[in-house]
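Shown next, in structure tokens, is the structure this report addresses.
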Amino acid sequence: MAKGGKGPKGKKITLEVAKNCIKITLDGRKRLDLSKMGITTFPKCILRLNDVDELDLSRNLIRKIPDSISKFQNLRWLDLHSNYIDRLPESIGKLTSLLYLNVSNNRLTSNGLPEKLNQLKNIRTVNLGLNHLDSVPTTLGVLKELHEVGLHDNLLNTIPTSISKLPKLKKLNTKRNPFPKPDESETFIDSIRRLENLYLVEEKDLCTACLRKCQNARDKLNTIKTMATTTPRKAIFSNLILPNSMAKESQGDWRIHSTSA
């Protein structure tokens with residue numbers, strides 16, 4: 001601990017440093033990557049870069065996310081995992097373009113999740129795992145575009161039925177929670193129409209290269225299936241009547257040749 005009982009002094013992020021951390025993703029989006037930089041306080045200077053599509057502040061020492069996070073109106077991807085955050089601001093609900101939110105491995109409690117989360121109408125993936133949640137906010141049940149929800153490693157003893165009724169939910173992780181009955185989570189998960197360990201995306205969400213790769217893989221699979229159904233299987237050893245039958249018939253000749261040799 002530093003003098004005065006304050007925590008360790010984190011790395012100072014300047015606007016110039018932040019600009020150098022902007023990357024262009026494969027699909028042409030702007031990502032501001034400030035992960036693993038020892039940041040203790042949300043850097044205000046990055047508010048001047050609020051046109052980015054993706055923001056990664058994961059694996060730092062951040063304790064608070066300010067209301068000004070709402071200025072990132074283009075944000076589609078927000079990663080805050082592995083920090084010391086115990087509360088999300090109400091203003092996070094204004095990020096209506098957000099598709100992906102990861103706040104796992106923090107110090108969030110159920111009271112630290114704002115009701116305004118229900119305004120994230122386009123959100124598809126929410127990871128709340130590895131926190132201190134003892135209940136799931138019912139607001140998640142109104143997010144009809146949700147495909148994947150992470151609630152693992154919390155303090156949950158039940159899951160709202162509204163979650164199971166989400167029309168597009170494909171994957172739900174509720175492992176390592178203190179459910180009253182060991183099979184409760186399994187029973188709940190089985191009620192979800194999903195494909196285990198398979199991530200489904202729509203064609204419009206793939207970049208051109210990825211879409212072409214998927215289409216080629218699908219064409220190859222269809223070709224293999226067609227060959228398997230149209231090509232008759234040839235019999236193996238079709239002329240063999242009994243095992244070692246030819247060996248038995250030539251056994252006498254073999255003995256004669258062996259003796260004469």
Side-chain angles (χ1 to χ4, degrees), residues 1-13 18 32-47 50 54-72 75-96 98-120 123-143 146 148-160 162-163 172-179:
M1 297 289 286
K3 291 181 179 181
K6 295 183 179 180
K9 186 177 181 180
K11 181 176 180 179
K12 181 176 178 58
I13 301 298
L32 176 53
D33 186 355
L34 297 175
S35 62
K36 299 183 291 184
M37 297 188 71
I39 303 171
T40 57
T41 304
F42 186 92
K44 293 181 180 179
C45 66
I46 68 174
L47 296 175
N50 59 11
E54 303 181 359
L55 176 58
D56 189 351
L57 288 167
S58 66
R59 290 166 285 186
N60 280 297
L61 307 168
I62 299 172
R63 296 179 180 274
K64 183 180 179 181
I65 300 299
D67 288 329
S68 54
I69 189 72
S70 62
K71 293 186 177 182
F72 289 88
L75 216 56
R76 295 163 54 92
W77 192 91
L78 178 59
D79 195 344
L80 301 172
H81 86 265
S82 303
N83 278 284
Y84 295 109
I85 302 166
D86 59 7
R87 178 178 295 274
L88 294 177
E90 291 282 345
S91 62
I92 200 169
K94 296 180 180 180
L95 302 178
T96 53
L98 204 61
L99 301 178
Y100 173 94
L101 174 62
N102 187 355
V103 289
S104 65
N105 196 24
N106 275 284
R107 296 180 176 179
L108 289 169
T109 63
S110 298
N111 291 332
L113 297 179
E115 186 177 345
K116 297 296 184 181
L117 281 177
N118 63 3
Q119 295 180 2
L120 301 177
I123 196 80
R124 296 184 181 182
T125 299
V126 174
N127 192 348
L128 298 169
L130 285 164
N131 278 290
H132 305 294
L133 306 179
D134 56 14
S135 64
V136 181
T138 55
T139 52
L140 290 184
V142 303
L143 303 177
L146 269 177
E148 183 173 350
V149 178
L151 295 170
H152 56 93
D153 298 282
N154 276 289
L155 305 172
L156 303 173
N157 52 37
T158 186
I159 303 291
S162 60
I163 302 296
L172 175 69
N173 189 347
T174 61
K175 293 179 179 178
R176 294 177 295 278
N177 276 284
F179 293 109

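Just so you know, residue 1 is the first one in the sequence shown, and it goes up from there.
- Atoms CG and OG, on Leu151 and Ser104 in that order, are 11.5 Å from each other to the nearest 0.5 Å.
- With a 4.5 Å cut-off on side-chain heavy atoms, Phe179 and Thr174 count as touching.
- Taking all atoms of both residues into account, the shortest heavy-atom contact from Ser35 to Asn60 is CA-ND2, 3.9 Å.
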With side chain to side chain contact (heavy atoms under 4.5 Å, CB included) as the test, would you mind laying out the steps for Ile46 and Leu55 before giving the verdict? CA-CA 10 Å; Ile46 68 174; Leu55 176 58; 4.3 Å; yes
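- Side chains of Ile92 and Pro114 form a contact here, defined as non-hydrogen atoms less than 4.5 Å apart.
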List the steps and the verdict of side chain to side chain contact (heavy atoms under 4.5 Å, CB included) for Leu47 and Phe72. CA-CA 8 Å; Leu47 296 175; Phe72 289 88; 3.7 Å; yes
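- Counting only distance, with no hydrogens or angles, the side chain of Asp134 and the backbone of Leu155 share no donor-acceptor pair below 3.5 Å.
- Residues Leu130 and His152 have side chains in contact (heavy-atom distance under 4.5 Å, counting atoms from C-beta outward).
- Judged by distance alone, the side chains of Ser162 and Thr138 never bring a donor and an acceptor atom under 3.5 Å apart.
- Side-chain contact check for Asn111 and Thr109: no donor-acceptor pair (N or O, by modelled atom type) lies under 3.5 Å.
- Proximity of Asn127 to His81: side-chain heavy atoms (C-beta onward) are nowhere separated by under 4.5 Å.
- The minimum heavy-atom distance between Asn131 and Gly129, with the atom names listed, is ND2-O, 3.0 Å.
- Side-chain contact check for Asn118 and Thr139: no donor-acceptor pair (N or O, by modelled atom type) lies under 3.5 Å.
- Residues Leu99 and Thr125 are not in side-chain contact: their nearest non-hydrogen atoms beyond the backbone lie 4.5 Å or more apart.
- When each of Ile62, Asn105, Leu61 is checked for a side chain to side chain contact (heavy atoms under 4.5 Å, CB included) with Tyr84, only Leu61 meets the rule.
- Atom NZ of Lys11 is separated from atom CE of Met37 by 3.5 Å, given to the nearest 0.5 angstrom.
- A heavy-atom distance below 4.5 Å is found between the side chains of His132 and Arg107.
- Shown here is Glu115, whose CD atom has no more than 12 heavy atoms of other residues, nucleotides or ligands within 6.0 Å.
- Annotation for Val103 and Leu88: closest pair CG1-CD2, 4.1 Å, computed over non-hydrogen atoms.
- Closest non-hydrogen pair, Leu95 versus Leu75, comes out as CD1-CD2, 4.3 Å.
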Pair Ser82, Ser58 - check side chain to side chain contact (heavy atoms under 4.5 Å, CB included), show working. CA-CA 6 Å; Ser82 303; Ser58 66; 5.5 Å; no
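- For the pair Asn83 and Ile65, the minimum side-chain heavy-atom distance is 4.5 Å or more.
- Residue Ser110 comes nearest to Leu133 through the heavy atom pair N-CD2, 3.6 Å, listed as atom of the first residue, atom of the second, then distance.
- Considering every non-hydrogen atom in both Ala18 and Leu32, the closest pair reads O-CD1, 3.3 Å.
- Residues Phe42 and Leu57 form a side-chain contact, since some pair of their non-hydrogen atoms from C-beta on lies under 4.5 Å apart.
- Only one option out of Leu101, Asp153, Val136, Leu140 pairs with Leu128 in a side chain to side chain contact (heavy atoms under 4.5 Å, CB included); it is Leu140.
- We find the CG-CD1 distance between Leu108 and Ile85 to be 7.0 Å, quoted to the nearest 0.5 Å.
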